[in-house]
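Heads up: the structure comes next, in structure tokens.
When reading the values below, keep in mind they use all heavy atoms of this one structure, side chains included, and skip hydrogens, waters and symmetry mates.
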Amino acid sequence: MIYPLYEINWDQPENRDLILRSLNCWQSNPAALQGYSFTGRASIYASMGEGDKARDALRVLLDKFVKPNTMYLESGPVIETPLAAATSIQELYLQYWNNTARIFPAIPTDWEEAAFENLRTEGAFLISAVRREGKTHWVKVRSTVAGELKIKPGLEGTVRLRSSAKGLRLKKEEAGTYICQMPSDAEIILYSSLETMKTSVGPAVHTQGNANSYGLK
């Protein structure tokens with residue numbers, strides 16, 4: 001109910017102690033911990049906004065459990081735990097629960113540069129965002145179907161909206177949360193400064209020369 005359903009979640013102050021006690025109880029027997037113990041820990045910490053603790057859990061997983069070929073071994077080789085780890089990494093960048101899209105909700109403090117492009121959330125929204133020098137520069141959202149977008153963009157200062165679609169408005173709810181009614185195939189950009197809108201999502205980095213795809217060299 002804490003993860004992955006978020007029925008009890010960090011937006012509910014009355015349940016925060018229960019979440020912490022549940023996580024600590026789960027993690028209290030180190031000898032019993034296996035790979036998913038660390039992906040689950042990372043995802044729960046990410047939902048709490050604890051990016052550093054989520055990163056550290058993933059580091060333990062990669063150092064002690066995941067093999068050079070990206071597989072994982074208990075009674076036999078399996079792939080589900082590395083796939084769960086990939087989800088945990090994504091949840092540092094983008095989360096969607098309690099009907100809210102959350103942009104860079106748990107970025108570790110030493111990850112000052114971050115970006116992602118066209119990650120899909122519930123509600124069929126494609127989201128891209130750029131973070132530079134520890135601050136979110138802009139968030140772009142495209143709706144593939146009509147619907148209500150509720151979002152925490154993580155922008156500092158006054159949040160502004162730019163869109164080629166006419167009549168779109170951004171309504172502010174509680175601190176840091178905004179709602180926008182979007183028609184199908186509309187695109188909006190949320191930003192707080194025209195200067196920061198100049199930054200872009202860079203191309204993927206490709207290996208030059210000999211690759212070491214499966215860690216065999």
**Message:** Quick check against the 3.5 Å criterion: does Ser192 have a side-chain atom that pairs as donor or acceptor with the backbone of Val159?
**Reply:** no
**Asked** Does the Asn98 side chain pair with the main chain of Thr100, one donor and one acceptor, at a distance under 3.5 Å?
**Response** no
**Asked** Should Arg41 and Leu23 count as side-chain neighbours, where that means a heavy-atom distance under 4.5 Å?
**Response** yes
**Message:** Test your reading of the model: is there a side-chain donor-acceptor pair from Asp52 to the backbone of Thr109, 3.5 Å cut-off?
**Reply:** yes
**Prompt:** Once you round to the nearest 0.5 Å, how far does CZ of Arg169 lie from CD of Gln181?
**Reply:** 13.5 Å
**Message:** Counting only heavy atoms not in Glu74 (residues, nucleotides, ligands), do more than 12 fall under 6.0 Å from its CD?
**Reply:** yes
**Item:** Donor-acceptor contact below 3.5 Å, side chain Gln95 vs main chain Ala46
**Value:** yes
**Check against side-chain contact (heavy atoms from CB on, under 4.5 Å), Arg162 and Leu194** = CA-CA 11 Å; Arg162 174 176 290 188; Leu194 289 175; 3.4 Å; yes
**Prompt:** Is Leu73 isolated, or which residues cluster with it under the ILVMFWY side-chain rule of less than 4.5 Å, directly or via members?
**Reply:** none
**Fill in**
Interatomic distance, CG@Leu20 vs SG@Cys25, rounded to 0.5 Å, equals 12.5 Å
**Prompt:** Do the side chains of Met71 and Ile79 get nearer than 4.5 Å, heavy atoms only?
**Reply:** yes
**Asked** Do side-chain atoms of Ser128 reach the backbone of Asn118 as a donor and acceptor pair under 3.5 angstrom?
**Response** yes
**Mutual orientation of the aromatic rings belonging to Phe116 and Tyr93 [parallel < 30°, tilted 30-60°, perpendicular > 60°]** = perpendicular
**Salt bridge flag under 4.0 Å for residues Lys53 and Asp56** = no
**Asked** Of all residues at least two apart in sequence or in a different chain, which pass the side chain to side chain contact (heavy atoms under 4.5 Å, CB included) check with Ser37?
**Response** Trp26, Gln27, Leu33
**Prompt:** Rounded to the nearest 0.5 Å, what separation is found between the CD1 atom of Ile19 and the CD1 atom of Ile8?
**Reply:** 7.0 Å
**Message:** Rounded to the nearest 0.5 Å, what separates atom CD in Glu148 from atom SG in Cys180?
**Reply:** 9.5 Å
**Request:** Determine, step by step, whether Gln34 and Tyr36 satisfy the side chain to side chain donor-acceptor pair (under 3.5 Å) criterion, reporting the C-alpha distance in whole Å, the side-chain angles of both residues, the deciding distance to 0.1 Å, and the verdict.
**Result:** CA-CA 6 Å; Gln34 293 293 329; Tyr36 184 76; over 6 Å; no
**Prompt:** Has the side chain of Thr70 got a donor or acceptor atom that lies under 3.5 Å from a matching backbone atom of Val66?
**Reply:** no
**Donor-acceptor pair, side chain of Arg160 and main chain of Tyr191, under 3.5 angstrom** = no
**Asked** Counting only N and O atoms by type, is there a donor-acceptor contact under 3.5 Å from the side chain of Ser143 to the main-chain atoms of Ala186?
**Response** yes
**Asked** Thr81 versus Leu61: any side-chain heavy-atom pair under 4.5 Å?
**Response** yes
**Item:** 4.5 Å side-chain heavy-atom contact, Lys64 and Phe38
**Value:** no
**Value rounded to 0.5 Å, distance of OH in Tyr96 from CD1 in Ile151** = 10.0 Å
**Message:** Do Glu91 and Ser43 pair up side chain to side chain, a donor and an acceptor below 3.5 Å, judged on atom types alone?
**Reply:** yes
**Prompt:** Does the side-chain contact (heavy atoms from CB on, under 4.5 Å) test come out yes or no for Glu133 and Glu113, once each step is laid out?
**Reply:** CA-CA 6 Å; Glu133 298 178 344; Glu113 310 289 312; 4.1 Å; yes
**Item:** Side-chain hydrophobic cluster, 4.5 Å single linkage: members besides Val145
**Value:** none
**Asked** Can you tell me if NZ on Lys135 sees more than 12 non-hydrogen neighbours from other groups inside 6.0 Å?
**Response** no
**Message:** Students often mix this up, so state it plainly: with edges at 30° and 60°, are the rings of Tyr6 and Trp97 parallel, tilted or perpendicular?
**Reply:** parallel
**Asked** With a 4.5 Å heavy-atom cut-off, do Pro105 and Lys152 have their side chains touching?
**Response** no
**From Arg16 atom CZ to Asn9 atom CG, the distance as rounded to the nearest 0.5 Å** = 9.5 Å
**Asked** Do Thr39 and Thr87 touch side chain to side chain, with heavy atoms closer than 4.5 Å?
**Response** no
